[in-house]
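Notes follow the structure.
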Amino acid sequence: MPENIRVRFAPSPTGPLHMGGVRTALYNYLFAKKNGGKMILRIEDTDQTRFVPGAEQYIMESLAWCGIQFDEGVVEGGSFGPYRQSERKSIYAAYSDQLIQSGNAYYAFDTAGELEELRKQAEADKKTFIYNAETRKTLRNSLNMTEDEVQNHLATGTPYVVRFLIPENTSISMNDLIRGTVTVKSETLDDKVLFKSDGMPTYHLANIVDDHLMKISHVIRGEEWLPSLPLHVLLYEAFGWDKPQFAHLPLLLKPDGNGKLSKRDGDRLGFPVFPLQWKDPKNDEISSGYRENGYYPEAFVNMLALLGWNPGSDQELFSMNELIEAFSLDRVGKSGSKFDPEKTKWFNHQYLMRQADEALAQEWLKWLKAEKDLEPEKKIVVKIVSLVKERVNFVQELWDEAYFFFETPESYDEKVVKKRWKTDSPQQMEILASLLDNLEGFSADKIDEKIKNWIIENELSMGGIMNALRLLLVGAAKGPHLGDIMEVLGKAESIKRIRSGIKALSN
RNA sequence: GCUCCCAUCGUCUAGCCCGGUCAGGACGCCAGGUUUUCAUCCUGGUAACAGGGGUUCAAAUCCCCUUGGGAGUACCA
């Protein structure tokens, strides 16, 4: 392991950060923290045409929500800045020139239209047009021109790009930390554009130059970059620079069928694909986010960490610190992982149950105010939450399990009435009501004791009485222990519900 | 099409590098139990080495082929 571990997460601000991107950032972060290294955020905004306002801010907010922190970046600063490629524009031209000087790159004057035409032609012949050793000799580039011609074009402002000259007949061997050695023949590669006619570098040039300048030790990125690795390796060699180590992460796949996980899948299957809600500035279209859907960032991160990596043990629940402690690149798998929304809910359930009642109550209190305009006493809410929290995956689901603490039943589940409401029930419930009315100290224990004794003394069935009573108090066959429900409801409300229930069901 | 990558239960995966356990765990699903109800919970069950060929006393594990899947193939990242 090199002395100074430095990794970077380098997103393009072209839209909201996809959960696959979050995972890439997470693995970079875990790797850096585990090895005492630095985590850097670099914004790769070299394509002006795809810039989306708000995207950069979104990316930073998302990662902050996940608890992924940067040591250097556009807001953190650092001694290798600026960290936005658009602000590093002046840096790249010199490196492009250097490659031309050393004969590793050349000027190309072909227009986009000309190349498009060649591609179409090739396609018609069932071939693929490649700008390589075979074709470059016949195209409009500096390799086929005299020095004067080239200078003339440059002087008169003919638009040009700079292309990398792929060496002929060599084979390129690369080492990937996850996949081992990968070898390709140079003739399958094309002379990629390094520098665009708009004066901006392409990803390939900017990426290599910045990784070098920022002293990046490990490039941990998605597998979609594996096909460009040979180019990148060749670029490092052309510059005579030391290469960082590479690790290409397997892709996140859609839950059903095949293919890369996309925004569409989330819409189609009903789960978020983005960490935070995103409003598309172009059409105001809203994409849901894990945060807004009630997920805990810890649960989201935990789930993501285990999608493609495993600790080699049976442990599934990890705090960020535990993840850092356990993480290693050699336990990252090679194959793509299908995302499972169900298991993600399970993770949230685990984290929700681990919340202190106090904290959960606080969250739910906000929800109750916002959604139901209710402002109950906190003490009561803490109690209710403790009774029902293990039944739900999300805070917003608490209501379904606890609404009857706030609302007197207005209707009674018919099936339950049929099954539990007998001819003796009205009379029995009335006795119970007066019994409870005379009870001193309306606690769950006292209530239970009183009812139990009465049932035993009168040789009644526990189930028969309790179920009928539950029907009156809740309106349905659900909910936690009855004694607890009545204690929360209080004596007056409990008795009121019993009596009004008797009346309602007698009709 | 071409190049590269990948391949264990429906899903996430352990095991593979250094061949020899009824191929283990989790989610889901199903059943039983606990419970005054529902849920939780507990117990059990379900279900996989893509196929074929080698090498070997022995292959999920090593090699080859086939098949399948994925990614890339832009003056996008």
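Values in this document were obtained by computation on a predicted structure and should not be read as measured data.
Side-chain contact annotation: Asp210(A) with Tyr83(A), donor-acceptor N/O pair under 3.5 Å absent. Between the side chains of Arg179(A) and His248(A), no donor-acceptor pair is found at a separation under 3.5 Å.
Ring-centre distance between Trp225(A) and Tyr203(A): below the 6.0 Å cut-off. Aromatic ring centres of Tyr27(A) and Trp309(A) lie farther apart than the 6.0 Å criterion allows. Aromatic rings from Phe300(A) and Tyr290(A) are positioned such that their centres are separated by under 6.0 Å.
Taken residue by residue, residues 386-395 of chain A places heavy atoms nearer than 4.0 Å to RNA chain B at Glu390(A), Arg391(A). Scanning residues 166-183 of chain A for heavy-atom distances under 4.0 Å to RNA chain B yields Arg179(A), Val182(A), Thr183(A).
A distance of 12.5 Å separates CG in Leu360(A) from CD1 in Ile384(A), rounded to the nearest 0.5 Å.
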- line: Per-nt protein contacts along nucleotides 72-77 of chain B (heavy atom under 4.0 Å; B base, S backbone sugar-phosphate only, - none) come out as S-SBBB
statement: Protein heavy-atom contacts under 4.0 Å, written 5' to 3' over nucleotides 28-36 of chain B as B (base), S (sugar-phosphate only) or - (none), form the string --------B
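Comparing Phe339(A) and Gln350(A) along RNA chain B, the residue whose closest nucleotide (by nearest heavy atom) sits nearer the 5' end is Phe339(A).
Of all nucleotides present, only rC29(B) satisfies the Watson-Crick or G-U wobble test against rG45(B), with each distance under 3.5 Å. Applying the Watson-Crick and G-U wobble criteria (two distances, each under 3.5 Å), rA14(B) pairs with nothing in any strand.
Contact annotation: Ser337(A) side-chain N/O to rU13(B) OP1/OP2 distance is under 4.0 Å.
Side-chain atoms of Arg8(A) never come within 3.5 Å of backbone atoms of Ile216(A) as a donor-acceptor pair (strictly under, hydrogens ignored). Between the Lys389(A) side chain and the Gln355(A) main chain, a donor and an acceptor come within less than 3.5 Å of each other. Side chain of Ser142(A) to main chain of Val150(A): no donor-acceptor pair is present (N/O by atom type, distance under 3.5 Å, no hydrogens or angles). Although no hydrogens or angles enter the test, the distance criterion places a donor-acceptor pair under 3.5 Å between the side chain of Asn28(A) and the main chain of Thr24(A).
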Can you check nucleotides 14-16 of chain B for protein contacts, nitrogen or oxygen pairs under 3.5 Å, and list what you find?
| unit_1 | atom_1 | unit_2 | atom_2 | d |
| --- | --- | --- | --- | --- |
| rA14(B) | OP1 | Asn310(A) | ND2 | 2.6 |
| rA14(B) | O3' | Arg331(A) | NH2 | 3.1 |
| rG15(B) | OP1 | Arg331(A) | NH1 | 3.3 |
| rG15(B) | OP1 | Arg331(A) | NH2 | 3.2 |

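At least one cation-pi condition fails for Arg331(A) and Phe327(A): the charged atom is not both under 6.0 angstrom from the six-membered ring centre and inside a 45 degree cone around its axis. Geometrically, Arg42(A) does not engage Phe9(A) in a cation-pi contact, judged by NZ or CZ lying under 6.0 Å from the ring centre and within 45° of the ring axis.
Distance, Leu226(A) CG to rG70(B) P: 17 Å, rounded to whole Å. The distance from atom NZ of Lys334(A) to atom P of rU13(B) is 13 Å, rounded to the nearest whole Å. Distance CG (Leu252(A)) to P (rC6(B)): 18 Å, rounded to an integer number of Å.
Lys338(A) comes within 4.0 angstrom of the backbone, heavy atoms only, and of no base.
Relative orientation of the His232(A) and His204(A) rings is tilted, given thresholds of 30° and 60° on the angle between their planes.
Separating the C1' atom of rA60(B) from that of rG70(B) is a span of 22 Å, rounded to the nearest Å. Remark: the separation of the P atoms in rG45(B) and rC57(B) is 37 Å, to the nearest Å. With P as the reference atom, rA47(B) and rC6(B) are 31 Å apart, rounded to whole Å.
Side-chain atoms of Lys254(A) and Phe339(A), non-hydrogen and from C-beta on, never get closer than 4.5 Å to each other.
In Tyr106(A), the OH atom is crowded: over 12 heavy atoms of neighbouring residues, nucleotides or ligands sit closer than 6.0 Å.
Applying the salt bridge (charged side-chain N to carboxylate O under 4.0 Å, His left out) test to pairs two or more places apart or on separate chains, those with a residue in residues 306-317 of chain A are Glu316(A)-Lys343(A).
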